[in-house]
Each structure stands twice: as C-alpha cells, then as structure tokens.
Amino acid sequence: QVQVAESGGGLVQPGGSLRLSCAASGSIFSLDDMGWYRQAPGQPRELVAFITSGGNTNYVDSVKGRFTISRDNAKDTVYLQMNSLKPEDTAVYYCNADIRYWSGDYVRRNDYWGQGTQVTVSS
C-alpha cells in the first residue's frame, strides 16, 4: 500500500518561516507530479505550489517570491519552504502526489492525499 504523510506545520509569528515535508511510502515505482494545497476555514481548497516530475514549478500569485517547492526523488519526498509568512497563510496544508506503485507484477497509478498539517501565522 502507498501512504503520503505531511509534517512540519505549527504556530509561527508573522514574518517567520516554516518548512513542510511530505513523504510517500510503500511499494512506490515513481512519483510523478506533486503539489501543496491549503484550505482555510470556510474557504475552498486551493493549489499553492506544484512541481512536475521534471522539476518544473508553479505557484499561486499570493505566495510567489515567498514559498519554494522542491523534491528529493531519492527520498520520495516533496518540501514546501515558506518564508515571510503572513496571517492569511493560516490554513491546513495538504500534500497531493501522483504516484505509480507496484501491484503484484504490475505498475498502477493513483492520486494520493495526505492527512493535512496545520499552519497558523499569528502574533
């Protein structure tokens, strides 16, 4: 089975930094595109940052220049470095991964979500 788990959330003051990690585990063949999403109370979930298997990245305008997404394929992990945090960045952050995995002798593909990690930016 394949699992995806986030870590690194917490409480930080405005202007501070946090680094989120998302690690995939299980019978993984390869990780394809991966992304970080967030959902604030009463708001829809939004895509924050995205990284392709080739390392191309994209960001929502509100985090450009402050957040950096990266990946370590050897560790099956994607990161989100968040700098200059603002109160409006407060949300539950979710990792999403497009994963190819072994199922018996076959490679199958599925889309996985982590359980989410809370990021709170407040003084």
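Atom set for the values below is all heavy atoms of this structure, side chains included, hydrogens, waters and symmetry mates excluded. We're numbering straight along the sequence, starting at 1.
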Same hydrophobic cluster for Y37 and L20, using side-chain heavy-atom links shorter than 4.5 Å among ILVMFWY?
no
For residues T77 and K75, report the shortest heavy-atom separation together with the two atoms involved.
OG1-O, 2.8 Å
Taking all atoms of both residues into account, what is the closest heavy-atom pair of W36 and S21, and its distance?
CH2-O, 3.6 Å
Under 3.5 Å donor-acceptor pairs involving side-chain atoms of residues 56-63, not counting sequence neighbours:
| from | atom 1 | to | atom 2 | distance (Å) |
| --- | --- | --- | --- | --- |
| Y59 | OH | I69 | N | 2.9 |
| D61 | OD1 | K64 | NZ | 3.0 |
| S62 | OG | R38 | NH2 | 3.3 |

For a side-chain contact (heavy atoms from CB on, under 4.5 Å) check, start with the C-alpha distance between M82 and R66, then their side-chain angles and the critical distance, and finish with the verdict.
CA-CA 6 Å; M82 305 185 294; R66 301 188 297 122; over 6 Å; no
One should read off an interatomic distance between Q81 CD and S17 OG, to the nearest 0.5 angstrom, of 5.5 Å
Ignoring hydrogens and angles, write down the donor-acceptor pairs under 3.5 Å from the side chains of residues 2-15, residues two or more places apart or on other chains.
| from | atom 1 | to | atom 2 | distance (Å) |
| --- | --- | --- | --- | --- |
| E6 | OE1 | Q115 | N | 3.0 |
| E6 | OE1 | G116 | N | 2.9 |
| E6 | OE2 | C95 | N | 2.7 |
| E6 | OE2 | G116 | N | 3.3 |

Calculate, to the nearest 0.5 Å, the distance between atoms OG1 and CG belonging to T52 and L31 respectively.
12.5 Å
So M34 and R71, do their side chains get closer than 4.5 Å, heavy atoms only?
yes
Using a cut-off of 6.0 Å, state whether more than 12 heavy atoms not belonging to E88 lie near its atom CD.
yes
Give me the ring orientation class for Y94 and W113: parallel if the planes are under 30° apart, tilted from 30 to 60°, perpendicular past 60°.
perpendicular
Does one hydrophobic cluster hold both V119 and V78, with members joined at side-chain heavy-atom distances below 4.5 Å?
yes
Side-chain donor-acceptor pair under 3.5 Å between R108 and N110, yes or no?
no
Ignoring hydrogens and geometry beyond distance, is a side-chain donor-acceptor pair present between S53 and D32 at under 3.5 Å?
no
If hydrophobic residues (ILVMFWY) are linked whenever their side-chain heavy atoms come closer than 4.5 Å, directly or via other members, who joins F29 in its cluster?
W102, V107
Closest heavy-atom contact between Y93 and V48?
CE2-CG2, 4.4 Å
Could you walk me through whether D98 and Y112 satisfy the side-chain contact (heavy atoms from CB on, under 4.5 Å) test, starting with their C-alpha distance in whole Å, then the side-chain angles of each, then the deciding distance to 0.1 Å, before giving a yes or no?
CA-CA 6 Å; D98 188 8; Y112 291 88; over 6 Å; no
Where do L80 and T68 land on the side-chain contact (heavy atoms from CB on, under 4.5 Å) test, with the steps shown first?
CA-CA 6 Å; L80 186 67; T68 302; over 6 Å; no
Would you say T90 and L85 make side-chain contact, with heavy atoms under 4.5 Å?
no
Evaluate the side-chain contact (heavy atoms from CB on, under 4.5 Å) criterion for residues R19 and Y79: first the C-alpha distance (whole Å), next the side-chain angles of each, then the deciding distance (0.1 Å), finally the verdict.
CA-CA 7 Å; R19 188 194 196 203; Y79 304 97; 3.6 Å; yes
From I99 atom CD1 to D33 atom CG, the distance as rounded to the nearest 0.5 Å:
11.5 Å
